[in-house]
Amino acid sequence: MAKKLISSVRGMNDILPEQTPVWRYFETVIRQVLDSYGYQEIRLPMLEATDLFNRSIGEVTDIVEKEMFSFTDRNGDNLTLRPEATAGCVRAGIQHGLFYNQIQRLWYIGQMFRHERPQQGRYRQFHQIGAEIYGIEGPDIDAEIILMTARFWRQLGLDNLELQINSLGSTEARVKYTQQLVDYFSAYHDQLDDDSQRRLRTNPLRILDSKNPQMLPLIKTAPQLLDCLDTESQEHFAKLRELLDQTGIKYRVNPCLVRGLDYYNRTVFEWVTEYLGAQGTVCAGGRYDSLVEQIGGKATPAIGFAMGIERLVLLLLQSDLPMPNNAPDAYFILVGNEQVTKQGMYLAESLRDALPNLRLVMNCGEGSFKSQFKRADKSGAKLALILAEDELANQKITLKYLREKRPQVILAQSELINYLKNLD
RNA sequence: GUGAGCGUAGCUCAGUUUGGUAGAGUCCCGGAUUGUGAUUCCGGUAGUCGUGGGUUCGAGUCCCAUCGUUCACCCCA
């Protein structure tokens with residue numbers, strides 16, 4: 001009898017036709033901006049050797065410890081569905097020699113996988129668009145990608161995002177600072193909440209990010225990362241700020257801004273919104289100057305960012321911005337004998353030959369005039385093309401405007417292409 | 001991984017207090033209108049009430065378990 005229904009895997013969502021127009025719109029806008037900055041697309045596998053992530057993201061991060069979809073394949077190889085794309089991008093660059101005395105501006109799009117408990121804006125399969133730039137040491141490229149992300153939001157019409165920036169300093173300075181922080185918080189160990197006590201062992205910088213208001217006083221008087229920066233990082237950060245100031249872009253220096261992944265150094269930044277509940281970070285990135293070498297390549301400065309498409313689509317849907325739809329331009333109504341269907345198909349194909357951008361839906365599956373008109377209306381088409389036995393006999397076609405008050409038009413079939421060509 | 005809320009028609013939900021034949025709107029189909037949608041009116045299709053146990057003469061309703069889902073913690077894009 002009825003079989004048990006198989007549903008999608010927890011946290012892995014179908015994106016239904018109702019939503020895909022917004023996704024396509026979003027992706028189109030982002031691609032245009034990336035193109036305008038001369039970035040090149042790279043397409044990367046979703047599956048990588050597990051070791052790649054162990055070596056790059058950081059052994060003690062939550063992602064590696066408990067959020068990866070890992071398995072052993074038939075050969076006994078340990079593989080992982082990528083939780084992020086930076087590691088794979090670095091791997092690909094090394095493997096194909098892309099970093100050899102070259103500057104690369106790359107971008108990618110695709111799904112990522114993390115085994116987290118799903119909630120608003122957080123899913124086990126989610127989509128990111130990101131960019132990775134290799135071979136540029138100076139703060140000019142830091143400014144470029146921040147300005148480019150700002151342009152994304154302008155092009156999309158989103159104006160409710162806040163830019164936060166910070167510098168983590170050199171890897172050495174960061175290690176030194178982390179030790180200072182551990183010393184400081186250890187002195188107040190009993191006042192720390194359970195989460196922060198755990199972070200003290202796993203990721204001390206994260207304590208600064210705590211949402212628990214009771215932690216605030218302790219965090220306020222903690223040593224500041226920006227005070228512990230090495231001289232070069234201080235200069236780098238100062239120059240970045242000058243570049244940003246000059247372009248008039250608004251930002252907030254957030255000394256508590258850290259990254260979840262271990263490989264970051266110097267510049268880090270985040271675009272944040274208050275409108276998505278707990279998952280307010282919509283785009284984030286930073287420098288990772290030591291990662292290429294760490295994975296086995298020649299030392300190469302690098303910076304990148306990633307944005308969560310689900311979160312940005314949610315923001316777009318929440319906004320008052322007009323969203324595109326994929327409504328056809330015309331719906332072809334066919335009523336009558338087989339000759340009508342044959343002539344209708346022929347006409348439709350010749351329309352598509354002459355007008356490749358015309359979006360024309362044929363009525364298939366027959367139906368009465370009434371039901372075909374209902375389908376035409378529901379499709380959102382501006383225009384109904386009507387071919388029935390009368391029109392067939394006289395080599396005519398009837399046009400009816402479905403969205404505006406205009407009289408019906410009866411044309412010779414031979415005039416149809418020209419008539420439609422001159423529509424808006 | 002922890003906590004709380006919610007699972008009743010394709011969709012949005014009422015019904016649970018006080019156990020007694022399964023409801024509404026919407027969608028879809030048909031008709032009023034035999035060549036015209038969107039509005040209006042009439043009719044129709046549609047549910048093992050998440051699943052499995054238990055209590056009871058009788059469970060959508062009470063009890064237990066389990067699964068799913070949403071939000072928050074955590075984590076992060």
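A note on names: the letters A, B, ... follow the listed sequences, proteins ahead of strands, and every chain is numbered from 1. Keep in mind it's a predicted model, so treat the numbers as computed, not measured.
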Can you confirm whether the side chains of [X] and [Y] place a donor and an acceptor under 3.5 Å from each other?
X        : Y        : answer
A:Glu270 : A:Thr281 : yes
A:Ser186 : A:Asp183 : no
A:Tyr275 : A:Ser319 : no
A:Tyr264 : A:Arg174 : no

Given [options], the nucleotide with the shortest approach to the side chain of [X]:
X        : options                : result
A:Ala278 : B:rC73, B:rG37, B:rC76 : B:rC73
A:Arg311 : B:rG37, B:rC73, B:rC76 : B:rC76
A:Phe369 : B:rC75, B:rG35, B:rC29 : B:rG35

Can you find a side chain N or O atom of [X] that sits less than 4.0 Å from OP1 or OP2 on [N]?
X        : N      : value
A:Lys378 : B:rG37 : no
A:Arg206 : B:rC76 : yes
A:Arg124 : B:rA77 : no

Counterpart base for [N], defined by Watson-Crick or G-U wobble contacts under 3.5 Å:
N      : result
B:rA4  : B:rU70
B:rA9  : none
B:rU18 : none
B:rU39 : none
B:rC75 : none

### Task
Check the distance between B:rC74's P and A:Leu192's CG and give it to me in whole angstrom.
14 Å
Please report the distance separating the [atom1] of [N] from the corresponding atom of [M], rounded so that it comes out in whole Å.
N      : M      : atom1 : answer
B:rU45 : B:rU51 : C1'   : 27 Å
B:rC49 : B:rA14 : C1'   : 13 Å
B:rA59 : B:rG1  : C1'   : 36 Å
B:rU33 : B:rG43 : C1'   : 16 Å
B:rG44 : B:rU55 : P     : 41 Å

Give one of base, sugar-phosphate or nothing for [X], where a contact means two heavy atoms less than 4.0 Å apart.
X        : value
A:Ala306 : sugar-phosphate
A:Lys66  : nothing
A:Gln279 : base
A:Gly121 : base
A:Lys400 : base
A:Ile129 : nothing
A:Gln120 : sugar-phosphate
A:Gln408 : base

### Message
Below 30° counts as parallel, above 60° as perpendicular, anything between as tilted: where do the rings of A:Tyr39 and A:Tyr37 land?
### Response
perpendicular
If you take atom types as modelled and just measure distance, does the side chain of [X] reach the base of [N] with a donor-acceptor pair under 3.5 Å?
X        : N      : result
A:Arg117 : B:rC75 : no
A:Glu391 : B:rG35 : yes
A:Arg199 : B:rC75 : no
A:Lys370 : B:rU36 : no

### Query
What closest approach, in Å, do A:Pro45 and A:Arg82 show between heavy atoms, and which atom pair accounts for it?
O-NH1, 3.4 Å
### Query
So, are A:Glu27 and A:Arg24 salt-bridged, with charged N and O less than 4.0 Å apart?
no
### Message
Should A:Phe373 be counted as stacked on B:rG37, where stacking needs a ring-centre gap under 5.5 Å and an angle between planes under 30 degrees?
### Response
no
